Amino acid sequence: MSSKHSNWALIYTVVESIPYGRVATYGQVAHLAGLPGHARQVGYALHATPDDLEIPWHRVINSRGEVSARSEPMFESIQQQLLESEGVLFAATGRVNLKRFRWNPDE
DNA sequence: GCAGTGACTAGTA
DNA sequence: ATACTAGCCACTG
């Protein structure tokens, strides 16, 4: 966590607004936070997100519609399980149909 | 300040 | 469809 105020707060705000049962991509979150091109930073911020903050980090996936690999592979299955519990369907390939489940803020 | 790193992405083959 | 590449940019040591 950065010592001074950072853009992570903006990222958290966007992630918190992702509706139940919907997903958003890292690039999408960065864009909505007014930080285009900061997709990697979104992932970094979520990785550093304290668990006590009730942020739906699991609703953020990559542009291919799949759960991004991380240092702790255990959390990948946890993330998928959380999404499935919200009704987000995973194909046999382990990918989500973004056409169907990606959050559209304009709705 | 510089180099390494990463829960990324779009492009190319 | 997958695999690899270059670009990306804040954070860290």
Side-chain angles (χ1 to χ4, degrees):
Chain A
M1 195 75 92
S2 176
S3 57
K4 46 192 283 190
H5 65 81
S6 68
N7 296 319
W8 296 10
L10 297 173
I11 295 172
Y12 293 150
T13 300
V14 173
V15 174
E16 285 175 345
S17 60
I18 303 174
Y20 181 96
R22 292 305 207 77
V23 299
T25 66
Y26 296 95
Q28 181 183 2
V29 171
H31 181 76
L32 292 173
L35 303 168
H38 289 60
R40 306 192 76 151
Q41 217 44 42
V42 173
Y44 200 99
L46 291 179
H47 183 259
T49 302
D51 295 338
D52 47 342
L53 294 181
E54 296 183 5
I55 295 177
W57 55 269
H58 57 281
R59 295 180 190 146
V60 183
I61 59 180
N62 64 29
S63 62
R64 296 192 299 184
E66 55 191 7
V67 173
S68 294
R70 63 175 63 67
S71 55
E72 289 286 343
M74 176 176 54
F75 288 96
E76 300 176 20
S77 58
I78 294 177
Q79 180 172 7
Q80 178 170 341
Q81 186 176 351
L82 285 171
L83 287 175
E84 289 177 333
S85 69
E86 297 185 356
V88 177
L89 270 48
F90 279 78
T93 55
R95 297 171 59 179
V96 174
N97 186 338
L98 289 178
K99 299 280 191 185
R100 179 175 172 186
F101 292 103
R102 193 170 78 91
W103 173 41
N104 183 352
D106 294 331
E107 290 178 350

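Each chain gets a letter, A, B and so on, in the order the sequences are listed, and its residues count up from 1. Values in this document were obtained by computation on a predicted structure and should not be read as measured data.
Residue A/Arg95 places at least one side-chain N or O closer than 4.0 Å to OP1 or OP2 of C/dA1. Between C/dC11 and A/Trp8, a contact under 4.0 Å exists linking OP1 or OP2 to a side-chain N or O. Between A/His38 and the phosphate of C/dA10, there is a side-chain N or O to OP1/OP2 separation shorter than 4.0 Å. At B/dT9, one or more side-chain N or O atoms of A/Ser63 fall inside 4.0 Å of OP1 or OP2 (strictly under the cut-off). Taking side-chain N and O atoms only, A/Ser71 has no distance below 4.0 Å to OP1 or OP2 of B/dG6.
Annotation: side chain of A/Ile61 is not in contact with side chain of A/Glu66 (no heavy-atom distance under 4.5 Å).
Between the side chain of A/Tyr26 and the base of B/dA7, a donor-acceptor pair under 3.5 Å is found.
When the C1' atom of C/dA10 is taken as reference, atom CG of A/Leu10 falls 14 Å away, rounded to whole Å. A/Asn7 has its CG atom 8 Å from the P atom of C/dA10, to the nearest Å. Atom pair A/Gln80:CD and B/dA7:P shows a separation of 18 Å (rounding to whole Å applied). Distance CG (A/Asn62) to C1' (B/dC8): 8 Å, rounded to an integer number of Å. Rounded to an integer number of Å, the gap from A/Ile11 CD1 to B/dA7 P is 14 Å. Straight-line distance from the CZ atom of A/Arg64 to the C1' atom of C/dC4: 11 Å, rounded to whole Å. The CD atom of A/Glu66 sits 10 Å away from the P atom of B/dT9 (whole-angstrom rounding). Atom CG of A/Leu46 is separated from atom C1' of C/dA10 by 14 Å (rounded to the nearest Å).
Take the nearest nucleotide of DNA chain C for A/Tyr44 and for A/Pro36: the residue whose nucleotide is more 5' is A/Pro36.
With distances taken from any side-chain atom of A/Gln41 to the nucleotides C/dC11, B/dC8, B/dA7, the minimum falls on C/dC11. The side chain of A/Arg40 approaches B/dC8 more closely than any other nucleotide in the set B/dC8, B/dA7, B/dT9.
Side chain of A/Thr49 to main chain of A/Ala45: a donor-acceptor pair is present (N/O by atom type, distance under 3.5 Å, no hydrogens or angles). Side chain of A/Arg102 to backbone of A/Thr25: no donor-acceptor contact under 3.5 angstrom is found. The backbone N or O of A/Val60 sits less than 3.5 Å from a side-chain atom of A/Gln79, completing a donor-acceptor pair.
Nucleic acid contact class of A/Ala69 (heavy atoms, under 4.0 Å, all strands): sugar-phosphate only.
Under a hydrophobic-cluster definition in which Ile, Leu, Val, Met, Phe, Trp and Tyr are linked whenever side-chain heavy atoms come within less than 4.5 Å, directly or via other members, A/Leu82 and A/Val29 are assigned to the same cluster.
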